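Report on the structure given below.
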Amino acid sequence: MATPNAIPNDENTLLHTALFKQVSPEQAEELLPTLHESVYDKGEHIFTQGDTDHRMGLLEKGRVKLTRESNDGRVQLLSIHARGEVLGEIPVFDPAGGPRTASAVAMVNGTRVVWLEHDALFAWLDRYPRVAVDMLQVLANRMRSNNERITDLVFMDVPARLAKTLLDLASRFGEPVEAGLKVPHDLTQEELAQLVGSSRETVNKALMDFSNRGWIAREGRSIVIYQPGMLIRRSRR
């Protein structure tokens, strides 16, 4: 990996991650010599549920999906992560150093992840304890998001959850086009259903209803949103 002085601030991976957004460039550069970069092709596992390593990944390029497998072999898609987001932080901050609770899989070729080991991170936090407070705030926001997802699964019907999921994907990955907002989600029908928390048949039925109403159009593994306002209204019902 390049030396710290060779990496401009706007290319410094740490400065583009939520956990380190309050860190100064000078503070971030102190961690750069401890980072290790890995590159993954589409479908490769970045880490696997049950692994016992104690390192945290910073997604430098590409897109990653987190999945969890049940004892009977069923797989649940938990979330999708893009550049600047943190992967696998739970074992790093878990005092007991427990196993990984999910698997991370590269969604595109050339996905780059920069690794930060537990010992290096905590030695750095000893020098900058204020940064630890900022990290706690970010982790608290993640917990809030997880609680909201659980609440949605309990109280919202499938079309409402689908509308909310599409809006979330659009806000993160949407590309403006003449017809509206194109959302290249790169998910199979089964994976999209897992992300919504329902069956493929039920989600496809809701997608067809949205399409018949003129709110969206499906284009392979992309969705074009014509009327985001209608999706917002449906997600609140």
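It should be emphasised that the depicted structure is a prediction, and the values quoted were computed from it without experimental measurement.
Checking side-chain atoms of Gln194 against main-chain N and O of Val75 turns up a donor-acceptor pair under 3.5 Å. At distances below 3.5 Å, at least one donor-acceptor pair connects side-chain atoms of Asn212 with backbone N or O atoms of Met208. Looking only at distances, no side-chain donor or acceptor of Gln27 sits under 3.5 Å from a matching main-chain atom of Tyr128. Looking at Arg161, its side chain does come within 3.5 Å of a backbone N or O of Met156 through a donor-acceptor pair. In terms of modelled atom types and a separation under 3.5 Å, the side chain of Arg234 and the main chain of Phe210 share no donor-acceptor contact.
Environment of CZ in Arg233: sparse, with no more than 12 heavy atoms of neighbouring residues, nucleotides or ligands closer than 6.0 Å. Applying the 6.0 Å contact sphere to CZ of Arg127 captures more than 12 heavy atoms from other residues, nucleotides or ligands. For CG of Asn71, the number of neighbouring non-hydrogen atoms (other residues, nucleotides, ligands) closer than 6.0 Å is 12 at most.
A 4.5 Å side-chain heavy-atom check between Leu166 and Trp215 finds every atom pair outside the cut-off.
A search for salt bridge (Lys or Arg N to Asp or Glu O under 4.0 Å) contacts involving Arg130 returns Asp134, not counting sequence neighbours. A search for ring-ring contact (aromatic ring centres under 6.0 Å, His included) contacts involving His118 returns Phe122, not counting sequence neighbours.
Asp209 and Arg213 are joined by a salt bridge, as a carboxylate oxygen and a charged side-chain nitrogen come within less than 4.0 angstrom of each other.
Hydrophobic clustering (ILVMFWY, side-chain heavy atoms < 4.5 Å, transitive): Leu58 and Met107 are in distinct clusters. Put simply, Leu116 and Val131 are part of the same group of oily side chains (I, L, V, M, F, W, Y) that touch within less than 4.5 Å, one to the next.
Taking a 4.5 Å side-chain heavy-atom cut-off between Ile, Leu, Val, Met, Phe, Trp and Tyr, the cluster of Val154 extends to Phe155.
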